[in-house]
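Excluded from the calculations below are hydrogen atoms, water molecules and symmetry mates; all remaining heavy atoms, backbone and side chain alike, are included. Whatever order the structure lists ligands and atoms in, that order sets their numbers, starting from 1.
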Amino acid sequence: MIETKHLIKSFDGKKIIKDISATFEQGKTNLVIGRSGSGKTVFMKLLIGLLTPDSGEILYDGRNLPAMNKNELNALRQKTGMLFQGSALFDSMTVMENVMFPLTMFTRETRQKQEKRAKFCLERVQMKEAADLYPGEISGGMMKRTAIARAIALNPQYLFCDEPNSGLDPKTSLLIDELIHDITQEYSMTTVINTHDMNSVMNIGDKIMFIYEGKKEWEGTKDEVMNSANKKLNDFLGASDLFRKVRELEQ
Ligand SMILES: Nc1ncnc2c1ncn2[C@@H]1O[C@H](COP(=O)(O)OP(=O)(O)OP(=O)(O)O)[C@@H](O)[C@H]1O
Ligand SMILES: [Mg+2]
């Protein structure tokens, strides 16, 4: 479980993250939703330690990230998988080499064992056949799957995805969502996903936090999101075609 307590972050005197206390549960896909500019990416960077909070705590199974020493941070890094906007694959490396990268960086396993693990991960995302291709030779969805294989190579306990569906068609988005959801349950990871894809909310929103102008405005499950009385949340959802249709059908 990951917990934040009274998390605050400002840039140039302007508060961007305003006192967010939240919990992200193990074995669940925890979604963070909100308008563009509401603070989702900044919040995720704070969670990962890519940004330092002005104040507040970020607890990884009870241990406070801002107070960790270098060794603790390194250990945590190895238990953390990340999937950022765009796939951030290395263009000069094959699919297989991309997935091997964290294994060669962070483990002292034999080459043979590393390759076995990389192959296993590629198989899990159904990318084994494309192992020898370069990122320039595969589709956007395949790049995302490769990035997922790389993210899970070290068997992470924590997985962070910032807009994993950006640039993908709805059908591919659904596959990627389901893949992330499945591996989260399979490996009992604590997964946090930033999204403004309403399909994702409905499909894999085990738990949803809605951020509005840097504040936690609402939280609940995908079943609760449809019937919430929160006006800001409803305004946000109202902008989505999918939600309008579901609401119309219900009335
Ligand atoms: N390094 C930075 N320096 C100054 N301001 C920043 C920095 N990073 C983010 N911001 C500001 O923080 C606010 C929140 O940005 P953030 O990227 O977290 O939004 P977001 O919810 O992820 O939006 P999107 O849905 O478009 O990705 C924005 O106003 C942005 O300009
Ligand atoms: Mg963002």
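At under 3.5 Å, a nitrogen or oxygen of G37, whether backbone or side chain, sits near a nitrogen or oxygen of ligand 1. Considering backbone and side-chain N/O atoms, S38 comes within less than 3.5 Å of an N/O atom of ligand 1. Checking only distances, I16 never comes within under 3.5 Å of ligand 1, N or O to N or O. Note: no N/O pair closer than 3.5 Å links D12 and ligand 1 by distance alone.
The closest donor-acceptor contact from the side chain of R117 to the backbone of L154 lies at 3.5 Å or more, if one exists at all. Without hydrogens or angle criteria, E137 side chain to Y134 main chain gives a donor-acceptor distance under 3.5 Å. With T4 contributing its side chain and I20 its backbone, the two residues share a donor-acceptor pair below 3.5 Å. At distances below 3.5 Å, at least one donor-acceptor pair connects side-chain atoms of T110 with backbone N or O atoms of K113. Proximity of a side-chain donor or acceptor of R150 to a complementary backbone N or O of V95 within less than 3.5 Å is not detected. Between the D132 side chain and the A130 main chain, no donor and acceptor come within less than 3.5 Å of each other.
The nearest heavy-atom contact from the protein to atom 7 (C) of ligand 1 is F11 CE1, 3.4 Å. From the protein, the heavy atom lying nearest to atom 25 (O) of ligand 1 is K40 NZ, 2.7 Å. Among all non-hydrogen protein atoms, the one lying nearest atom 15 (O) of ligand 1 is V42 CG2, 4.0 Å. Here the heavy atom of the protein found nearest to atom 26 (O) of ligand 1 is S36 OG, 2.6 Å.
Note that atom 4 (C) of ligand 1 has protein non-hydrogen atoms nearby, at separations under 4.0 angstrom. For atom 1 (N) of ligand 1, the nearest protein heavy atom is under 4.0 Å away.
Residue G39 places a heavy atom less than 4.0 Å from ligand 1.
Shown in contact with H196 at under 4.0 Å from a heavy atom are these atoms of ligand 1, numbered in order with element: 25 (O). When each atom of ligand 1 is checked for a heavy atom of T41 under 4.0 Å away, the hits are 17 (O), 18 (O), 20 (P), 22 (O), 27 (O). Listed by number with element, the atoms of ligand 1 under 4.0 angstrom from any heavy atom of R35 are 21 (O).
In this pair, Y60 and F160 present their aromatic rings perpendicular. The plane angle is above 60°, beyond the 30 to 60° band.
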> What's the verdict on salt bridge (Lys or Arg N to Asp or Glu O under 4.0 Å) for K119 and E123, showing C-alpha distance, side-chain angles and the deciding distance?
Replying inline: CA-CA 6 Å; K119 277 185 189 151; E123 197 152 321; over 6 Å; no
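Shortest non-hydrogen contact noted between Q114 and E109 is NE2-O, 3.3 Å.
Checking each of K45, R35, M209, E163 against K40 for a side chain to side chain contact (heavy atoms under 4.5 Å, CB included) leaves exactly one that passes, namely E163.
Taking 2.8 Å as the threshold, S36 does not count as a candidate ligand of the Mg ion (ligand 2), since none of its N, O or S atoms lies below it.
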